[in-house]
Amino acid sequence: MADPVPDPDVLLERGWLPPEAADRLCVTLLGELPWSVHRIRMFGRWVDSPRLSCWLGDPGTDYAYSGGHFEPLPWPPILAELRDRLAIELGAPFNSALANLYRDGNDYVGWHRDNERELGAHPFIASISLGASRRFVLRANDDAQRQMEWTLEHGDLLVMAGSTQQYWKHALPKSAKVKQPRINLTFRVVRP
Ligand SMILES: O=C(O)CCC(=O)C(=O)O
Ligand SMILES: [Fe+2]
């Protein structure tokens, strides 16, 4: 019999950012990041990604995902500070981040893995949630019935590590009742 798929290597720290810091970050990023619609490739077609995004990072951390290619925007000070705190606490040399803005519950991210070659064999991803609470779901690649989910809230930190991207997909489903925006920051280590 094949080895069972390991559980995802996920850590959730509620309220990692205190409410006032999370509020300030959310308002600043909403107003100041140059949000845009990324074009991604889905089932062989180019489509608008169903959310707004902004790719940030050190020079040279160009990132190719879903068929697109993105040059990073330099770190705004408020994000450089957050990156440094995460790097120290988690012991990971984060050099880039994908910021996502879900304008309301109609915006979403479909099932995917963050397993691009640039992220290495065991991608280490630290994800900060700001604004509206949204469901975040993990599903085993080989068994759609095997799922786990969390409601990510303002100020939460979620870390995905180890073999999570190898064996599990994740998604942030639509939610008709959500009327408020949510921002998500996923800090990553991109190798040349
Ligand atoms: O918004 C989230 O919590 C997840 C975003 C995500 O999976 C991604 O940007 O790769
Ligand atoms: Fe992802």
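Every number for a ligand or one of its atoms is a count from 1 in the order of the listing. Everything numeric here is computed off the predicted structure, so don't read it as measured data. Residue indices begin at 1 and follow the sequence shown. Heavy atoms only: backbone and side chains are in, while hydrogens, waters and symmetry mates are out.
Within ligand 1, counting atoms from 1 as listed, the ones closer than 4.0 Å to a heavy atom of Asn184 are 1 (O), 2 (C), 3 (O), 4 (C), 5 (C). Interface of Leu98 with ligand 1, defined as ligand atoms under 4.0 Å from a residue heavy atom, comprises 9 (O). For ligand 1, the atoms sitting less than 4.0 Å from at least one non-hydrogen atom of His170 are 7 (O), numbered in the order shown with element in parentheses. For ligand 1, the atoms closer than 4.0 angstrom to any heavy atom of Asp114 are 10 (O).
Contact annotation for Arg188 and ligand 1: only side-chain heavy atoms (C-beta onward) come within less than 4.0 Å of the ligand.
The angle that His112 NE2 and His170 NE2 make at the Fe ion (ligand 2), rounded to 10°, works out to 90°.
Both Ile128 and Trp35 are assigned to one and the same hydrophobic cluster, defined by single-linkage of ILVMFWY side chains at heavy-atom distances under 4.5 Å. Follow the hydrophobic side-chain contacts under 4.5 Å out from Leu56 and you reach Phe94 in the same cluster. One hydrophobic cluster, built from ILVMFWY side chains closer than 4.5 Å, holds both Leu86 and Trp75. Residues Val178 and Tyr102 do not share a hydrophobic cluster, clusters being chains of Ile/Leu/Val/Met/Phe/Trp/Tyr side chains in contact below 4.5 Å.
Looking at atom 9 (O) of ligand 1, its nearest protein heavy atom turns out to be Asn100 ND2, 2.9 Å. From the protein, the heavy atom lying nearest to atom 3 (O) of ligand 1 is Arg182 NH2, 2.9 Å. The shortest contact between atom 1 (O) of ligand 1 and any protein heavy atom is with Tyr102 OH, 2.6 Å.
Side chain to side chain, Asp156 and Ser129 fail the donor-acceptor criterion of an N or O pair below 3.5 Å. A donor atom on one side chain and an acceptor atom on the other are not found under 3.5 Å apart for Asp9 and His122. Defined by atom type and a distance below 3.5 Å, a donor-acceptor pair is present between the side-chain atoms of Ser127 and Asn184. Judged purely by distance below 3.5 Å, without hydrogens or angles, the side chains of Asp114 and His170 pair a donor atom with an acceptor atom.
Within the 4.0 Å heavy-atom cutoff, His112 counts among the residues contacting ligand 1.
For the Fe ion (ligand 2), the nearest N, O or S atom contributed by Asp114 is named OD2.
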